[in-house]
Student: 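I am attaching a structure below and will ask some questions about it afterwards.
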Amino acid sequence: MPKQFTLGKSERLKSRKAIDELFKNGKRFTVSPFRVFFVITKQTELQFGAGVSSKNFKKAVDRNKIKRLTREAYRLQKNSLQKLLKEKEKGLNLFFIYTEKEIKEYQHIYLQTEKAIKKLSAFINEDIS
RNA sequence: GCUACAAGCCAGGCUAUCGCUUCUUAUUUAUUUAGGAGGAGGAAAGUCCGGACAGCACAGAGCAAUGCACCGGUGAAUAGCCGGGUCUUGAGAAAUCAGGAACAGAUAGUGCCACAGAAAAUAACUACCCUCCUUCGCCAAGGCUACGGAGGGCAAGGGUGAAAACGUAGGGUAAGAGCCUACGGCUUUUGAUGGUAACAUCAUUUGCGGGUAAACCUUGCAUGCUGAAAUGCCACAUAUACCAUCGCCUGAGAACGGCUCGUUCGAUGAUGGAGGGUAGGCAGCUUGAUUCCGAUUGGUAACUUUCGGAACAGAUAAAUGAUAGCCCACGACAGAAUCCGGCUUACGGCUUGUAGCUUUU
RNA sequence: GGCUUCGUAGCUCAAUUGAAUAGAGCAUCUGACUACGGAUCAGAAGGUUAUAGGUUUGAAUCCUAUCGAGGUCA
């Protein structure tokens, strides 16, 4: 039986080229602390990345903290997206950028990530129809 | 008890659940799953110094640029560290104690020193003194002499200023002056003694023409440049096309990565513009001048010799986390990116020592 | 990871080969003008020159360290 709540290397957005493409041509929307970039692809893969601007957070410790919290919230909630994509036979490239200037609590980040994922699944449904 | 400084140590722990990453064993071999082991710091930071390592260059010469500047030691090396000297600040009656020093040269040259002040640097001006001339005045008719002029003495005094041409005392003189003498201060030469040396002490000798070199500069010493986005290999991909300028051996330019000489190369050529393609993987990549502990050799010390033991991450959009519970001091500063040695800065707790203040006895 | 520039009134800038009260404009405050307000005129206040040391008789300026804000190199 495979694990559910994983976030391994293959599930992260790693290619520099793909990221450049995402910021150039991807769609975007904003949910409270995050600005979400995404692109719907033909490969059936869900790839995710997170980032924080060094202008908003000067200390590397703070940036790491936020990225970890974001990854954690995404990891526990990405299953619904994965299921949807399998049904529709599509892929998705995702990037979350933290835009607030203060560190929020995990609970808040968790809730906002949930909203973002709901919005994403709505976009996927529209794209198909 | 509080505060400051110095030294040393620690950098929350345990349990459960879900996760990340490296290595390894087994299973399967598109690779997945399971087990085991490991997984940020004292500053990982600032990038202020010094190296290792790598590439290019390495016939050489000159210029420039940058850095350093008391002595000795230490170490791979430094602007680090240790010890010493000199100067200096504070405390003290003193011995001494505790700091600080960018501590070569101002007699190689140039520049600058506001205001004030006569003058901020070859000493001029004023003032003073002597001789001569003129003669207002006085007069006992011999002379004396103000002011002024000429020549000479050049040197004390001149209220300022941060700073004014050694200080004090005496002699000397027409008036004066290190002009001379004594004491003191600084300085130059030579010698002796002590010390590896800086230097110290003593003797001898030469002087006493400000400050500023964190102004230019001079002297001595050192330095080739670049920096893991270095570099090597594999894979993939295209554009020997277009425009401008120069040039095709009477030579554009390139290399010697600051410049010049000089040397070598040099024609489907060079530079610039605009544009096209690729930005995947492996090595470099983590065990090395390594760090720590114990004993030991040498040394005042920094450090070091030998032996034994222990420890040491390796990511690549970038790994150490999240949630819940318990305990305590309720957790500060803060996240490796080629690797080491130092310095600097940020900061929680505990222990020890020193100093100060306060309270009680 | 490397290199490099800057920091002056609330704001935008001067003064940068060291020389004494650090200056200008806008904004602020007070007064005049007006029935009131604006504009205008007159005046005032506002600075530990980012911070801490040092050199110098004297530092915004020179030097060192720190803090902060940019820029740039594939």
Side-chain angles (χ1 to χ4, degrees):
Chain A
M1 176 183 168
K3 292 186 174 181
Q4 283 190 333
F5 307 107
T6 58
L7 192 59
K9 270 188 172 178
S10 60
E11 293 177 70
R12 282 176 296 179
L13 189 56
K14 292 171 73 174
S15 161
R16 180 175 284 272
K17 199 180 176 187
I19 292 167
D20 285 346
E21 185 68 19
L22 185 57
F23 285 123
K24 259 190 179 177
N25 302 323
K27 298 181 180 175
R28 67 195 78 164
F29 61 89
T30 308
V31 177
S32 184
F34 297 112
R35 171 160 285 225
V36 180
F37 289 79
F38 70 98
V39 146
I40 297 172
T41 59
K42 294 189 176 175
Q43 293 92 13
T44 54
E45 279 186 338
L46 176 60
Q47 291 195 319
F48 165 81
V52 190
S53 167
S54 60
K55 279 189 182 177
N56 292 344
F57 295 91
K58 291 206 66 186
K59 293 171 186 171
V61 171
D62 296 334
R63 290 198 299 272
N64 279 347
K65 178 98 178 168
I66 289 164
K67 277 155 80 176
R68 281 167 184 162
L69 290 173
T70 312
R71 270 203 302 271
E72 187 67 17
Y74 170 80
R75 181 175 70 81
L76 297 172
Q77 298 180 73
K78 55 140 190 166
N79 272 14
S80 61
L81 266 180
Q82 225 162 12
K83 271 188 186 174
L84 187 68
L85 285 168
K86 264 194 178 176
E87 286 172 13
K88 308 285 184 187
E89 293 187 346
K90 291 276 178 185
L92 185 67
N93 285 357
L94 261 182
F95 207 92
F96 279 47
I97 289 184
Y98 195 88
T99 51
E100 294 278 307
K101 295 195 175 178
E102 291 173 359
I103 304 176
K104 300 275 182 184
E105 287 191 0
Y106 175 73
Q107 297 293 339
H108 183 78
I109 291 173
Y110 187 90
L111 286 173
Q112 295 306 309
T113 312
E114 191 177 10
K115 281 186 191 172
I117 286 175
K118 278 183 182 170
K119 212 165 184 177
L120 274 170
S121 34
F123 271 111
I124 292 167
N125 282 326
E126 270 182 37
D127 191 64
I128 300 304
S129 59

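Below, chain A is the first sequence line, B the second, and so on; all start at residue 1.
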Student: Just the rounded figure in Å: distance from C1' of rA317(B) to CZ of F96(A).
Tutor: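 Atom-to-atom, F96(A) to rA317(B), this comes out as 16 Å.
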
Student: When the distance from CD1 of I66(A) to C1' of rA318(B) is rounded to whole Å, what number comes out?
Tutor: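 Atom-to-atom, I66(A) to rA318(B), this comes out as 17 Å.
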
Student: Would a distance-only check, ignoring hydrogens and angles, find a side-chain to backbone donor-acceptor pair under 3.5 Å from Q82(A) to K78(A)?
Tutor: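 No, because the side chain of Q82(A) does not come within donor-acceptor range (under 3.5 Å) of the backbone of K78(A).
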
Student: In residues 108-120 of chain A, what residues come within less than 4.0 Å of RNA chain B, judged by heavy atoms?
Tutor: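 Nothing qualifies; none.
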
Student: If you compare all heavy atoms of I109(A) against all heavy atoms of A73(A), which two are closest, and at what distance to 0.1 Å?
Tutor: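 Minimum heavy-atom contact is CG2-CB, 4.1 Å.
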
Student: From CD of Q47(A) over to P of rA318(B), roughly how many Å is that when rounded to an integer?
Tutor: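 Distance check: Q47(A) CD to rA318(B) P gives 11 Å.
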
Student: Relative to the 5' end of RNA chain B, which residue comes earlier, A60(A) or A50(A), by the nucleotide with the nearest heavy atom?
Tutor: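 Mapping each residue to its closest nucleotide by heavy atoms, the 5'-most match is A50(A).
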
Student: Pairing check on rG224(B): which nucleotide meets the Watson-Crick or G-U wobble criteria with it, both distances under 3.5 Å?
Tutor: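 rC56(B) is the nucleotide pairing with rG224(B).
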
Student: If you measure from the P atom in rG80(B) to the same atom in rG309(B), how many Å do you get, rounded?
Tutor: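 Those two atoms are separated by 39 Å.
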
Student: Which whole-number value in Å describes the distance from K78(A) NZ to rG19(B) C1'?
Tutor: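 Taking NZ of K78(A) and C1' of rG19(B), I get 11 Å after rounding.
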
Student: Please state the P separation for the pair rC53(B) and rU290(B) - nearest whole angstrom.
Tutor: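 Pairwise P distance, rC53(B) against rU290(B), rounds to 13 Å.
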
Student: How far, in whole Å, is rU56(C) from rA175(B) if one measures between their P atoms?
Tutor: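 After rounding to an integer number of Å, I get 46 Å for this pair.
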
Student: Show me the donor-acceptor pairs, under 3.5 Å and distance only, between side chains in residues 60-71 of chain A and residues at least two apart or in other chains.
Tutor:
residue : atom : partner : partner atom : Å
R63(A)  : NH1  : F57(A)  : O            : 2.9
R63(A)  : NH1  : K58(A)  : O            : 3.3
T70(A)  : OG1  : I66(A)  : O            : 2.6

Student: Paired with rA45(B): which nucleotide, if any, by Watson-Crick or G-U wobble criteria at under 3.5 Å for both distances?
Tutor: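 Base-paired to rU344(B).
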
Student: Between protein and nucleic acid, restricted to nucleotides 319-325 of chain B and to nitrogen or oxygen atoms under 3.5 Å apart, what atom pairs and distances do you find?
Tutor:
residue  : atom : partner : partner atom : Å
rU320(B) : OP2  : R68(A)  : NE           : 3.2
rU320(B) : OP2  : R68(A)  : NH2          : 3.0
rG321(B) : N2   : E72(A)  : OE1          : 3.4
rG321(B) : N2   : E72(A)  : OE2          : 3.2
rG321(B) : N2   : R75(A)  : NH2          : 3.4
rA322(B) : OP1  : K65(A)  : NZ           : 2.8

Student: Watson-Crick or G-U wobble partner for rA32(C), using a 3.5 Å limit on both distances?
Tutor: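 Across all strands, the one nucleotide that pairs with rA32(C) is rU40(C).
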
Student: Please give me the minimum heavy-atom distance between V36(A) and A116(A), naming the atom from each residue.
Tutor: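 Minimum heavy-atom separation between V36(A) and A116(A): CG2-CB, 4.4 Å.
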
Student: Rounding to an integer number of Å, can you tell me how far F57(A) CZ sits from rG335(B) P?
Tutor: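 Nearest whole value for this atom pair: 14 Å.
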
Student: Could you list the residues that satisfy side chain to side chain contact (heavy atoms under 4.5 Å, CB included) with R12(A), not counting sequence neighbours?
Tutor: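 Applying side chain to side chain contact (heavy atoms under 4.5 Å, CB included) to R12(A) gives L7(A), K9(A), K14(A).
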
Student: Write down the distance separating the P atoms in rG184(B) and rG83(B), rounded off to the nearest Å.
Tutor: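 Going atom to atom, P in each nucleotide, I get 38 Å.
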
Student: With both distances under 3.5 Å as the test, what is the Watson-Crick or G-U wobble partner of rG1(B)?
Tutor: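 Partner of rG1(B): rC357(B).
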
Student: Just verifying a value: how many Å separate F38(A) CZ and I124(A) CD1, rounded to the nearest 0.5 Å?
Tutor: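 Reported value, rounded in 0.5 Å steps: 8.0 Å.
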
Student: Which heavy atom of F37(A) sits nearest a heavy atom of R28(A), and at what distance?
Tutor: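 Heavy atoms only, the tightest pair is CE2-NE, 3.8 Å.
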
Student: Roughly how many Å apart are rA329(B) and rG38(B), using the C1' atom of each and rounding to a whole number?
Tutor: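 The same atom, C1', in both gives a distance of 31 Å.
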
Student: In the strands shown, is rU206(B) matched to any nucleotide by a Watson-Crick or G-U wobble pair with both distances under 3.5 Å, and which?
Tutor: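 For rU206(B), the partner nucleotide comes out as none, under the 3.5 Å rule.
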
Student: Answer syn or anti for rU226(B), where the cut-off is 90° from 0 on the glycosidic torsion.
Tutor: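 Base orientation relative to the sugar is anti.
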
Student: Counting Watson-Crick and G-U wobble pairs only, both distances under 3.5 Å, name the nucleotide matched with rC292(B), or none.
Tutor: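 In the structure as shown, rC292(B) has rG309(B) as its Watson-Crick or wobble partner.
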
Student: Under the rule for side chain to side chain contact (heavy atoms under 4.5 Å, CB included), what residues qualify as partners of T30(A), not counting sequence neighbours?
Tutor: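 Result, side chain to side chain contact (heavy atoms under 4.5 Å, CB included) vs T30(A): R35(A).
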
Student: Taking a pair as Watson-Crick or G-U wobble with both distances under 3.5 Å, which nucleotide is matched to rA127(B)?
Tutor: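 When the pairing criteria are applied, nothing turns out to pair with rA127(B), so the answer is none.
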
Student: Where does rG178(B) land, syn or anti, once you apply the within-90°-of-0 test for syn?
Tutor: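 Judged by the O4'-C1' to base torsion, rG178(B) sits in syn, the angle falling within 90° of 0.
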
Student: Would you measure the distance from the C1' atom in rC261(B) across to the matching atom in rU268(B) and give it in whole Å?
Tutor: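 Approximately 35 Å lies between the C1' atom of rC261(B) and that of rU268(B).
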
Student: What do the steps show when you test Q107(A) against L111(A) for side-chain contact (heavy atoms from CB on, under 4.5 Å), and what is the final call?
Tutor: CA-CA 6 Å; Q107(A) 297 293 339; L111(A) 286 173; 5.6 Å; no

Student: Would you please test L84(A) and L120(A) for side-chain contact (heavy atoms from CB on, under 4.5 Å) and show each step?
Tutor: CA-CA 11 Å; L84(A) 187 68; L120(A) 274 170; over 6 Å; no

Student: Looking at the angle O4'-C1'-N9-C4 for a purine or O4'-C1'-N1-C2 for a pyrimidine, is rG142(B) syn or anti, with syn meaning within 90° of 0?
Tutor: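 Chi for rG142(B) falls in the syn range.
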
Student: Is the base of rA40(B) syn or anti, if syn means a glycosidic angle within 90° of 0?
Tutor: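 Chi for rA40(B) falls in the syn range.
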
Student: Let's test this: given Watson-Crick or G-U wobble pairing with both distances under 3.5 Å, identify the partner of rA235(B).
Tutor: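 rA235(B) is unpaired by these criteria.
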
Student: So, is rG23(C) syn or anti if syn means the angle is within 90° of 0?
Tutor: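 Anti conformation here, the glycosidic angle of rG23(C) being more than 90° from 0.
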
Student: If you assign each of G49(A) and K59(A) to its closest nucleotide in RNA chain B, which residue comes earlier from the 5' end?
Tutor: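 Comparing both residues, the 5'-ward one is G49(A).
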
Student: If you measure from the C1' atom in rA120(B) to the same atom in rC133(B), how many Å do you get, rounded?
Tutor: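 Roughly 40 Å separates the two C1' atoms.
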
Student: Can you list every pair that meets salt bridge (Lys or Arg N to Asp or Glu O under 4.0 Å) and has a residue in residues 109-119 of chain A, with sequence neighbours left out?
Tutor: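 Every pair satisfying salt bridge (Lys or Arg N to Asp or Glu O under 4.0 Å) with a residue in residues 109-119 of chain A: there are none.
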
Student: Would a distance-only check, ignoring hydrogens and angles, find a side-chain to backbone donor-acceptor pair under 3.5 Å from E11(A) to R75(A)?
Tutor: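 Between the backbone of R75(A) and the side chain of E11(A) there is no qualifying donor-acceptor contact (under 3.5 Å).
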
Student: Please give the distance between the C1' atoms of rC67(C) and rA14(C) as a whole number of Å.
Tutor: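 Here rC67(C) and rA14(C) have their C1' atoms 26 Å from each other.
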
